[in-house]
Amino acid sequence: MTEISLTHLLDVAICAAEAAGNHALKNKDRRKEATETFVHDVKLVLDMECQKIAEGIILGEFPEHNILGEEEISNSSASPYEWVIDPIDGTMNYTNGLPGWCCAVAVRLHDKILAGCVFAPELGNYYTAHIEDVAKLNGESIGVSDTKHLQDSMVFTGLSKHRVSVREPHFEMFNMLALNCQKIRIMGCAALDLCNVASGNGDGYFETSIYLWDYAAAGFIAEQAGAVLSIYPQKEILHGATVLCTNKHLIDGLRAIYTKCI
Ligand code: LIP
C-alpha cells in the first residue's frame, strides 16, 4: 500500500469540507427542505447533497477508501483508510438561519485520525490539523485556554436529539456543569464547540449521546491544539459516545462530573 502524505490527506479533507460547506451556503434558500422530521431533530435534503459532494471529492482522489458519514456509510473496500464526514453539523442552526454550523471531514488509518478539517462557511473559518502539525484557524496556530479552575470556566454542552425523559443522564450532567462552571453554553454544534475549545474561545466541551461524525475532525483538531479528549462509547447508540474535551487543568474536574452522573 502506498503511503499517502499527511499534507495530501489534509488538502483533500479541506477541499471536501469546503465544497460541501459552500454548497450548503449557496443553497440557504432551500434550508427548510426536510426529508424527515423527528421530535428533536431534522434530516435535510441538503444534508445528503452535501454528503455526496464531500464523498465525490474524496473518492475522486482515493476511489478505494471507505466513507463513514452521518448520511451514508460505504465501507465495502479493504482499504484501512476511512473518511468520517458530517456534511452539516449544527443542522438545526442551519435550517433556522443561524450561522453556527459547519462541515467536518476527518480521515483515519486503522481507526487513528491523521488529519481533519472543520469549515464554518458563515463564519469564514477553516479549522485544520494533521498528526504532525499543530492545529490552525485560517492558517494561524491555535491553542487551548489556560483556565485552571472549573468555577472560572466556560464549558460548551448540548442536549441530545435522543433525549426522551428528564431522567436522562445528560440532564444531570447539564445541572452539574451549570453548578460547577462559571458559564455553560449550548451553541447547537458539537464540531464548532470543540473548535472553540481548540482556539481557546471557551474552556471545555462535554456532551453525551454525540456521534463520531460530530466530533471526529474537531476533537482531533482540539487535541492538536493541546486539549485532552476523553471518549466514552455508548453501546446503546451505534457510533454514539459521551465526549469530554478541555485543557489539562480542567479534565479531572469534568471526568469527576461524568463519573458522578453515569
Ligand atoms: C448536533 C450536534 C450538537 C447536538 C445536537 C446535534 P447535528 O449535530 O452538533 O452538539 O447537541 O443534538 O446532534 O444533528 O446538527 O449534525
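Order of listing sets the numbers, starting from 1, for every ligand and every atom in it. These figures come from a predicted structure and were not determined experimentally.
- A donor atom on one side chain and an acceptor atom on the other are not found under 3.5 Å apart for N66 and S79.
- T147 and D152 are not linked by any side-chain donor-acceptor pair at a separation below 3.5 angstrom, with hydrogens and angles left out of the test.
- On a distance-only criterion, D193 and ligand 1 share no N/O pair closer than 3.5 Å.
- Those atoms of ligand 1 with a heavy atom of A190 less than 4.0 angstrom away are 2 (C), 3 (C), 9 (O), 10 (O).
- Under 4.0 Å from ligand 1, the heavy atoms of I88 that appear belong solely to its backbone.
- Using a 4.0 Å cutoff on heavy atoms, N93 does not count as a contact of ligand 1.
- With sequence neighbours left out, H249 forms a side chain to side chain donor-acceptor pair (under 3.5 Å) with D146.
- In the vicinity of D214, heavy-atom distances shorter than 4.0 Å reach the ligand 1 atoms 8 (O), 16 (O).
- For I186, the side chain to side chain contact (heavy atoms under 4.5 Å, CB included) test picks out T157, L159, F174, with sequence neighbours left out.
- The shortest heavy-atom distance from H40 to ligand 1 is not under 4.0 Å.
- In the model, E64 has no side-chain atom that pairs as donor or acceptor with a side-chain atom of Y81 under 3.5 Å.
- In summary, the atoms of ligand 1 found under 4.0 Å from a heavy atom of L159, numbered by their order in the structure, are 11 (O), 12 (O).
- Side-chain contact check for Q224 and H130: no donor-acceptor pair (N or O, by modelled atom type) lies under 3.5 Å.
- Side-chain contact, E207 with Y205: a donor N or O sits under 3.5 Å from an acceptor N or O.
- Close approach of ligand 1 to D89 is summarised as follows: ligand atoms under 4.0 Å from at least one heavy atom of the residue are 1 (C), 2 (C), 7 (P), 8 (O), 9 (O), 15 (O), 16 (O).
- Every atom of ligand 1 is numbered from 1 in the order shown, and the set under 4.0 Å from a heavy atom of D86 is 16 (O).
- Between I210 and ligand 1, not a single N/O pair is under 3.5 Å apart.
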